[in-house]
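Each remark here refers to the structure printed beneath this line.
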Amino acid sequence: MQSDHKLNDGQQKAVEFNGKHLLVLAGAGTGKTRTIIARAAYLIERGVDPSKIQILTFTKKAANEIVERVKSTLPQSNGNNLSGATFHSWCNQLIVRFPNLFGAASYTVIDPDDQLSIMKMVCGNHNLEFGKLRIKPQELIDVYSFARNTKKSLTESLRQKLFKNRKDGDTDYELKTIKPHVEKLLRAYQAKKAEQRYLDYDDLLLVVATQLKDNQEARSILAQHIEYLLVDEMQDTNPLQWTLLDPFVSICKLFCVGDDAQSIYSFRGADFKNVHLFKDRVPESEVYKLEKNYRSTQEILDISNWLLEKSPIEYNKKLEAIRGTGELPQLVNVSDEWQEANWVADEILKNYTDEDRMFSDHLILSRSQYYAKSLQAVFIRRKIPYVTYGGRKFMQAAHIKDLVSLLRIVNNPYDEIAWIRFLTFQEGIGEVRASRILQQVIEKIDVEEIPSIFQNAMPGEDGKKIAELYESIKEKDDVGKMVDMAYEAMALGLAFRYRRDWEEKRKGDFPVLRLLADSYPTLGEFIGEGLLDNSEQMNGVNVLSESKLNTAENKDHVIISTIHSAKGLEADVCIVLNVSPKAFPSAWSLDNLEEIEEDRRVLYVAMTRAKNRLILTRNTSSITAVHNRALPTPGGQKTSDAETYFLNELPDALVEQKTIAHQFGKVRDAETPNTIDLSSGMDFS
DNA sequence: ATCAAGCACATTTTT
DNA sequence: TGTGCTTGAT
């Protein structure tokens with residue numbers, strides 16, 4: 001973040017914009033976040049009621065950060081009612097807060113795991129093999145979600161997701177054959193969702209968007225609550241999100257910031273051309289540009305600019321560094337990912353001891369969560385503190401879901417997934433018996449009957465206990481107490497089921513869950529928003545984001561993040577892992593120009609995170625880019641990879657290259673004589 | 001019917 | 001790395 005407090009002219013102009021709607025096109029590092037923060041603060045200082053300003057971002061983390069920073073610029077508690085949220089959690093809040101308007105308040109928000117289980121139930125005994133094509137339930141979910149997010153037809157979505165956009169006779173024929181089957185399954189999935197009163201992530205947006213679009217009264221009600229909508233990362237909004245925003249054009253003022261060159265969510269339906277259409281779609285709107293980069297030195301921008309120039313797409317963007325020149329970026333050649341990981345560890349320890357840098361000055365970026373696994377192993381062994389961004393969500397851990405399943409039943413007795421999970425959690429009840437009990441539940445859904453169902457289902461004391469537990473949880477109006485009570489009842493069972501790592505890993509999560517629960521006023525909001533809330537992982541252990549909990553005992557740590565989760569982050573030293581052939585662009589996108597270009601933007605986002613030192617590592621043995629088995633033999637298709645590889649024509653002058661010798665022990669002996677590292681040259685996978 | 005252990009397998013990116 | 005599926009023992 002910039003440390004000086006002055007805004008430049010362009011930023012100032014945007015902040016004080018006096019018209020109706022504004023789009024700020026802001027390149028990487030040009031102070032996008034600062035501008036949105038200053039805008040919010042400006043509005044509040046000008047007397048706008050903070051509760052009528054809604055900030056929308058893509059991650060909870062970004063939302064919290066912006067809100068905190070706005071508050072810190074304002075005197076006293078002026079910004080206390082300012083609200084920042086993701087699109088999804090905002091919609092969830094609206095649904096809960098206006099139960100009559102949206103009519104979905106008693107519904108349960110389900111996560112992707114739950115979606116998958118429903119889809120599996122639906123597919124059940126259907127045969128999903130069509131000739132050589134086999135459709136997996138997860139793929140059905142993806143197609144369904146893609147279609148709804150992009151507003152594209154099923155046929156078109158199938159073509160894009162399942163057939164990689166191929167257009168030929170065979171494809172058309174296959175498409176025609178499978179489409180009716182897919183349609184039937186998706187309809188069944190929808191029916192099941194409705195019957196059990198589930199809302200998946202897309203439904204959250206859809207429910208709110210459709211109601212606002214169709215219902216004048218809904219619009220005027222919300223118009224009383226929201227005056228200003230500030231939207232971050234506009235280039236990542238997809239057609240569904242746009243339908244959500246569209247009604248607000250007539251009832252409040254939009255202030256959007258974005259950068260077409262940083263659009264990296266097309267797999268979720270985002271289309272960066274949307275930002276180009278802003279002026280056409282939004283009447284009474286203007287577009288401003290911010291082009292001065294405050295973050296990086298010129299060398300870092302040179303290589304980033306070079307990357308964009310190589311694209312067939314015109315971005316009309318050339319970042320210029322206000323800060324002037326610095327170090328040349330480094331391109332480090334390694335021969336496998338363990339060597340890479342050890343080299344990165346060496347580098348960080350060297351910076352820490354010799355250059356007086358802190359661990360937190362380092363940001364390590366990888367394409368996928370999976371890729372950074374070996375790095376994490378090395379960091380743990382070599383005692384480098386780190387946190388990961390973009391890991392598995394706290395609420396998705398098995399032991400947490402077990403406990404939450406009971407609360408979900410209380411919240412929504414139609415919730416079959418929760419019933420199955422809770423019932424099979426009981427000793428001696430498997431799938432068969434659980435679904436039999438479920439039948440009884442469905443037949444007489446009367447809430448009064450539920451305790452007796454428990455009693456009938458389970459012999460003797462157990463059933464009685466659970467029936468009582470259900471009753472007493474229902475009585476509580478405090479979410480934290482509900483968690484306590486559920487934990488009390490389930491702790492023994494949990495400890496037994498997860499006895500392998502209960503004490504070390506799982507037990508400690510429950511006090512955390514309790515604290516999280518305390519921050520939600522109702523059970524519905526806890527279940528829904530808790531799912532949407534991001535957590536960080538500290539040395540492999542789940543930790544909730546700092547705004548929710550004061551877990552910052554160790555502030556100084558390296559950040560390991562996927563590039564997708566790193567938007568808005570920046571660091572003194574930024575290391576981008578595995579900028580190798582078959583990774584940039586990824587072997588998956590090789591035959592698709594749009595995907596190749598998206599990969600280019602991904603790399604661009606990664607590079608522009610660096611403030612002073614940018615390091616790209618590259619794996620020289622071409623097969624390790626993805627897992628060995630996923631790729632043909634080494635040397636197989638070198639030609640096509642060589643043609644598309646982004647760094648292929650990289651001018652020598654833009655980087656300093658070095659190659660790490662492939663030698664056992666060279667690196668580790670030199671740097672850490674007293675740790676024994678048995679991993680070099682050994683692939684344990 | 002339930003559960004644990006063993007084996008095979010496949011891995012973008014996120015709300 | 002973990003997780004999903006089959007198998008064999010209770």
Side-chain angles (χ1 to χ4, degrees), chain A residues 56-63 85-92 109-113 115-117 120 136-138 142 145-146 148-149 199-206 233 236-238 240-241 244 263-270 337 365-377 389-393 395-398 423-436 496-497 499-501 528-534 540 561-567 578 582-589 595 598-599 601-603 605-606 625-631 683-685:
Chain A
L56 291 179
T57 62
F58 263 71
T59 64
K60 203 105 182 175
K61 185 146 50 80
T86 62
F87 280 88
H88 297 267
S89 65
W90 181 50
C91 288
N92 189 46
V109 179
I110 53 170
D111 68 8
D113 289 348
Q115 276 187 285
L116 185 59
S117 355
K120 278 180 177 163
K136 286 179 273 188
Q138 181 62 59
D142 291 345
S145 176
F146 185 80
R148 298 210 302 167
N149 274 289
L199 298 174
D200 62 30
Y201 286 0
D202 301 331
D203 287 321
L204 288 173
L205 303 196
L206 269 165
E233 309 286 10
D236 289 328
T237 53
N238 60 36
L240 172 55
Q241 281 153 341
L244 177 67
S263 166
I264 53 176
Y265 281 89
S266 72
F267 66 90
R268 203 172 61 185
E337 61 186 83
L365 297 173
S366 74
R367 188 66 217 280
S368 63
Q369 300 178 43
Y370 170 78
Y371 190 83
K373 281 277 155 31
S374 34
L375 185 76
Q376 292 182 37
Y389 287 171
R392 198 172 182 71
K393 310 287 180 304
M395 293 286 273
Q396 284 174 345
L423 290 170
T424 53
F425 178 81
Q426 308 303 317
E427 195 78 9
I429 298 185
E431 249 172 55
V432 177
R433 210 134 77 83
S435 32
R436 209 177 293 150
F496 179 74
R497 169 161 298 213
R499 62 198 105 92
R500 288 166 179 282
D501 51 7
E529 276 200 69
L531 278 184
L532 299 166
D533 201 354
N534 248 323
S561 173
T562 60
I563 299 172
H564 281 81
S565 311
K567 277 218 293 205
N578 196 31
K582 291 181 177 169
F584 286 99
S586 145
W588 308 90
S589 31
E595 284 181 35
E598 174 136 322
D599 281 354
R601 293 190 293 268
V602 169
L603 182 56
V605 168
V626 190
H627 206 277
N628 295 0
R629 244 166 305 159
L631 290 166
D683 188 352
F684 287 104
S685 57

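The sequence lines fix the lettering, A, B, ..., with proteins before strands; numbering per chain opens at 1.
Between His564(A) and Tyr265(A), the two ring planes are perpendicular [angle over 60°; tilted spans 30° to 60°].
Between Thr59(A) and the phosphate of dT15(B), there is no side-chain N or O to OP1/OP2 separation shorter than 4.0 Å. Between dT14(B) and Thr562(A), a contact under 4.0 Å exists linking OP1 or OP2 to a side-chain N or O. A close approach under 4.0 Å does not occur between any side-chain nitrogen or oxygen of Lys136(A) and OP1 or OP2 of dG4(C).
In this entry the distance linking CD of Gln115(A) with C1' of dT15(B) reads 10 Å, nearest Å. The nearest whole Å value for the distance from the CD atom in Gln138(A) to the C1' atom in dA10(B) is 13 Å. Rounding to whole angstrom units, CD of residue Glu233(A) and P of dT13(B) are separated by 19 Å. Protein atom NE2 of His88(A) is 8 Å distant from nucleotide atom C1' of dT14(B), rounded to whole Å. Atom CD in Glu598(A) sits roughly 15 Å away from atom P in dT12(B) (whole-Å rounding). For the pair Leu56(A) CG and dT15(B) P, the computed distance is 15 Å after rounding to whole Å. Whole-Å rounding puts the Phe58(A) CZ to dT13(B) P distance at 17 Å. At whole-Å resolution of the value, OH in Tyr265(A) and P in dT12(B) are 16 Å apart.
Residues that satisfy the side chain to side chain contact (heavy atoms under 4.5 Å, CB included) test with Ala398(A), not counting sequence neighbours, are Arg421(A), Tyr498(A), Arg506(A). The side-chain hydrogen bond (donor to acceptor under 3.5 Å, both in side chains) test applied to Glu595(A) returns Asn592(A), not counting sequence neighbours. Every residue meeting the side-chain hydrogen bond (donor to acceptor under 3.5 Å, both in side chains) condition with Ser374(A), not counting sequence neighbours, appears here in chain and number order: Glu337(A). Partners of Arg148(A) by side-chain hydrogen bond (donor to acceptor under 3.5 Å, both in side chains), not counting sequence neighbours, listed by chain and number: Tyr144(A), Asp200(A), Asp203(A). Residues satisfying the side chain to side chain contact (heavy atoms under 4.5 Å, CB included) test with Ser89(A), not counting sequence neighbours, are Lys60(A), Ala85(A), Thr86(A), Gln93(A), Glu529(A), Leu532(A). With sequence neighbours excluded, the residues forming a ring-ring contact (aromatic ring centres under 6.0 Å, His included) with His88(A) are Tyr201(A), listed by chain and number. When the side-chain hydrogen bond (donor to acceptor under 3.5 Å, both in side chains) test is applied to Arg367(A), the partners found at least two apart in sequence or on another chain are Asp599(A).
Of the candidate nucleotides dT1(C), dT14(B), dT12(B), dT1(C) has the atom nearest to the side chain of Lys373(A). Considering only the side chain of Tyr370(A), dT11(B) comes nearest among dT11(B), dT15(B), dT12(B). Closest contact between the side chain of Glu595(A) and the listed nucleotides dT14(B), dT15(B), dT12(B) involves dT12(B).
Phe58(A) and Phe87(A) have their aromatic ring centers within a separation under 6.0 angstrom.
Defined by atom type and a distance below 3.5 Å, a donor-acceptor pair is missing between the side-chain atoms of Gln115(A) and Asp111(A).
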Which string of ( ) [ ] | and . matches DNA chain C, if you list each base 5' to 3' and count Watson-Crick or G-U pairs only when both distances are under 3.5 Å?
-> .|||||||||
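Among the protein residues, Phe87(A) comes within range of no part of the nucleic acid, since none of its heavy atoms lies under 4.0 Å from any strand.
Atom P of dG4(C) sits at a distance of 16 Å from the matching atom of dT13(B), rounded to the whole Å.
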Contacts under 3.5 Å, N or O only, protein and nucleotides 1-4 of chain B:
unit_1: dT2(B); atom_1: OP1; unit_2: Gly430(A); atom_2: N; d: 2.6
unit_1: dT2(B); atom_1: OP2; unit_2: Val432(A); atom_2: N; d: 3.4
unit_1: dC3(B); atom_1: OP1; unit_2: Gly428(A); atom_2: N; d: 3.3
unit_1: dA4(B); atom_1: OP1; unit_2: Arg499(A); atom_2: NH2; d: 3.3

